[in-house]
Number of protein chains: 2
Amino acid sequence: MLKISELGSRTGLSPHTIRFYEKHGLIKASERSESGYRYYNDSDVRRAEFVKTARNIGFSLDDIGQLLSIRVDKTAHSCQEVTDITRHKLDEVNAKIAELQSMQKTLQLLLDSCCGGPEQAIHCSIMEALEDGNVDASGAAKAHKTVLGKRAKS
Amino acid sequence: MLKISELGSRTGLSPHTIRFYEKHGLIKASERSESGYRYYNDSDVRRAEFVKTARNIGFSLDDIGQLLSIRVDKTAHSCQEVTDITRHKLDEVNAKIAELQSMQKTLQLLLDSCCGGPEQAIHCSIMEALEDGNVDASGAAKAHKTVLGKRAKS
DNA sequence: CTTGACCTTAGAGTTGGCTCTAAGCTTATA
DNA sequence: TATAAGCTTAGAGCCAACTCTAAGGTCAAG
């Protein structure tokens, strides 16, 4: 039986995050000591590792909740349910990639158009393009919010 | 001289968003009526359109602030400063694309491995992969947060 | 002169996934 | 026995870019 920080080092999740996941129904300690300490058994550990793996792939906590509920009774669920979740995630990812590639293209065009040197920006072609609005931003935007993800751990 | 909602329909920004940008120093009404109404002249409109264009490309509000401060005195700034901002954004975009492509690859592999049919999920290969953790999630993750951007307008 | 559309402000709420704080208990080590 | 490390909880804070609310003032049309 592991304490929370031990489960943490086993899975690479912080105790804070583990409690957070518990609050959201993803992970549970099957036992508590008299003083309230959480204790995790092998089954708990496996579940936590499942969560960690799914999270690393990029599934949302909500997705993971669905996958977990399939996991606890696989006979009551079909492969199709699993692929539906996976495909839906893939669709999201593909849409996001397309959006970012549009931004990429626009930014690259801007960079290609400008000398990038120490000259005064008076005739900077990037500034001109922004002023004139003649920028192909189709499909781009709505992206910046998302460009820097937060999760950067193992 | 345009009122705020007129500037809004001119630029595709909502009055709420225009006030929000004002609070963040991006847009300003050069005049106010006695009763406090904002009035925008041609120069204000051009600035707002600049902001809109830059935002559509995917620049953050902070980036846009920098670009605007270059814009107001181009002789005091160089092309290099402009390309630095642009290149930095492009680097972010490229990093994000790489991350998403890793997720994409993993998800596609999972999908390819599963029948996706009405069979019970007992032997579902996606579930097995998640259980065993033998999933190539290198470079993925830290992404889901960002997968669904918010901004979806013009 | 009233109706309704529009304007003002400060400030709160949204999203998702953490991340941290405060205040207090428990446990292990020296 | 004292100290430090680690545990508990509820709840606040963070990020970015909005988005909306409340409570009220303004203005043009009929």
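Just so it is clear, the model here is predicted, and its values are computed rather than measured. All chains are named by letter (A, B, ...) in the order of the sequence lines, taking the proteins before the strands, and each is independently numbered beginning at 1.
- Two residues, Asp62(B) and Lys3(B), neighbour DNA chain D, and the one matched to the more 5' nucleotide by heavy-atom proximity is Asp62(B).
- Of the candidates dC7(D), dT9(D), dG17(C), the closest approach to any side-chain atom of Phe20(A) belongs to dG17(C).
- For Arg19(A), the listed nucleotide lying nearest its side chain is dT9(D); candidates were dC18(D), dT9(D), dT9(C).
- Applying the 3.5 Å distance criterion, the base of dG17(C) shares no donor-acceptor pair with the side chain of Tyr21(A).
- Rounding to whole angstrom units, CG of residue Leu2(B) and P of dC7(C) are separated by 11 Å.
- Atom C1' of nucleotide dG17(C) and atom CD1 of Ile57(A) are separated by 18 Å, given to the nearest angstrom.
- Taking atom CD of residue Glu34(B) and atom C1' of nucleotide dC7(C), one finds them 15 Å apart after rounding to whole Å.
- With rounding to whole Å, Ile4(B) atom CD1 is found 11 Å from dC6(C) atom C1'.
- Arg32(A) places its CZ atom 14 Å from the P atom of dT26(C), with the value rounded to the nearest Å.
- Geometrically, Arg71(B) engages Phe50(B) in a cation-pi contact defined by less than 6.0 Å to the ring centre and at most 45° from the axis.
- In this entry the distance linking CD of Glu22(A) with C1' of dG17(C) reads 17 Å, nearest Å.
- Of the candidate nucleotides dG11(C), dC7(C), dG6(D), dG11(C) has the atom nearest to the side chain of Lys23(B).
- Under 4.0 angstrom from either OP1 or OP2 of dT27(C) there lies at least one side-chain N or O belonging to Ser35(A).
- Residue whose closest nucleotide on DNA chain C sits further toward the 5' end, between His16(B) and His24(A): His16(B).
- If you take NZ of Lys96(B) and P of dA16(D), they are 14 Å apart, rounded to a whole angstrom.
- Distances were taken from every side-chain heavy atom of Leu61(A) (C-beta onward) to each of dT19(C), dT26(D), dG17(C); the shortest belongs to dG17(C).
- Across every non-hydrogen atom of Leu2(A) and Val45(A), the tightest pair is CD1-CG2, 3.7 Å.
- Phosphate proximity of dT9(C) to Arg38(B): present, with a side-chain N or O under 4.0 Å from OP1 or OP2.
- One side chain, Asp44(B) or Ser30(B), offers a donor N or O that lies under 3.5 Å from an acceptor on the other.
- Out of dT27(C), dG17(C), dT9(D), the shortest distance to the side chain of Tyr37(A) is found at dT27(C).
- In this structure, the CD atom of Glu6(A) is 8 Å from the P atom of dC7(D), given to the nearest Å.
- For the 3.5 Å distance criterion, the side chains of Ser60(B) and Asp63(B) qualify, holding a donor opposite an acceptor.
- Considering every non-hydrogen atom in both Met103(B) and Ile57(A), the closest pair reads CG-O, 3.1 Å.
- Residue Ser5(B) has a polar side-chain atom (N or O) positioned under 4.0 Å from OP1 or OP2 of dC7(C).
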